[in-house]
> 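Mind having a look at this structure? Questions to follow.
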Amino acid sequence: VVLCATSLTLTASLLFFGLLDGPRAIVSAAAVVPALAGMWVGQQIRLRLSVEQFRLAVFWALLLTGLYTFTSRLL
């Protein structure tokens, strides 16, 4: 419910301030396809891992993302 409410509010706000015009709306809508594909791939991976393996994979992904963000700001 919160996700839908915030998404609708953000969309309305972007439309109100003129930041979501035709071409941007098309690109934004098209971006849903790879996002859904990524969610499906993630679910398939999750089904094949134990809870502990999945937790470890998520922690490693977060650690690597944080390190990448940190080092990219230094350079």
Side-chain angles (χ1 to χ4, degrees):
V1 172
V2 173
L3 180 63
C4 285
T6 55
S7 295
L8 292 174
T9 304
L10 177 61
T11 302
S13 177
L14 291 172
L15 287 170
F16 178 76
F17 289 108
L19 298 173
L20 187 63
D21 55 3
R24 288 186 183 114
I26 292 170
V27 171
S28 181
V32 171
V33 174
L36 291 175
M39 287 175 52
W40 181 81
V41 169
Q43 288 175 350
Q44 298 307 306
I45 293 170
R46 172 62 191 100
L47 291 173
R48 289 169 175 73
L49 295 176
S50 70
V51 173
E52 192 56 38
Q53 289 172 323
F54 181 74
R55 183 177 295 139
L56 189 61
V58 169
F59 286 149
W60 273 106
L62 290 173
L63 177 67
L64 293 174
T65 302
L67 288 173
Y68 171 77
T69 303
F70 179 75
T71 56
S72 68
R73 295 295 171 200
L74 292 177
L75 302 176

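For reference, positions follow the sequence shown, starting with 1.
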> State the CD1-CH2 distance between Ile45 and Trp40, to the nearest 0.5 angstrom.
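So the gap between those two atoms works out to 9.5 Å.
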> With rounding to the nearest 0.5 Å, note down the distance linking CG in Leu20 to CG in Leu15.
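Going from the CG atom of Leu20 to the CG atom of Leu15 covers 5.0 Å.
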> Main chain of Gln44, side chain of Arg48: is a donor-acceptor contact present, judged purely on distance under 3.5 Å?
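A pair under 3.5 Å: yes.
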> Do Ser13 side-chain atoms and Thr9 backbone N/O form a donor-acceptor pair below 3.5 Å?
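No; judged by distance alone, with no hydrogens or angles, the pair does not exist.
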> Let me check something: do Leu62 and Leu64 share a hydrophobic cluster, defined by ILVMFWY side-chain heavy atoms less than 4.5 Å apart, either directly or through other members?
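Leu62 and Leu64: separate clusters.
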> With the side chain counted from C-beta on, respond yes when Leu74 and Phe70 share a heavy-atom pair under 4.5 Å apart, and no when they do not.
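The answer is yes; the side chains approach within 4.5 Å.
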> May I ask whether Leu47 and Phe54 are part of the same hydrophobic cluster, defined by side-chain heavy atoms of I, L, V, M, F, W, Y residues being less than 4.5 angstrom apart, directly or through others?
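They do not share one cluster, since no chain of ILVMFWY contacts under 4.5 Å joins Leu47 to Phe54.
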> Are Val58 and Val41 joined in one hydrophobic group, where the rule is that I, L, V, M, F, W and Y side chains link up if heavy atoms are under 4.5 Å apart?
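Yes, same cluster.
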> Between Arg46 (side chain) and Leu49 (backbone), is there a donor-acceptor pair under 3.5 Å?
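Present.
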> Please say yes or no: joined through hydrophobic side-chain contacts below 4.5 Å, possibly via intermediate residues, are Leu63 and Leu56 part of one cluster?
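Leu63 and Leu56: one cluster.
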> Show every salt bridge (Lys or Arg N to Asp or Glu O under 4.0 Å) that has at least one partner inside residues 15-41, sequence neighbours left out.
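Salt bridge (Lys or Arg N to Asp or Glu O under 4.0 Å) check on residues 15-41 returns Asp21-Arg24.
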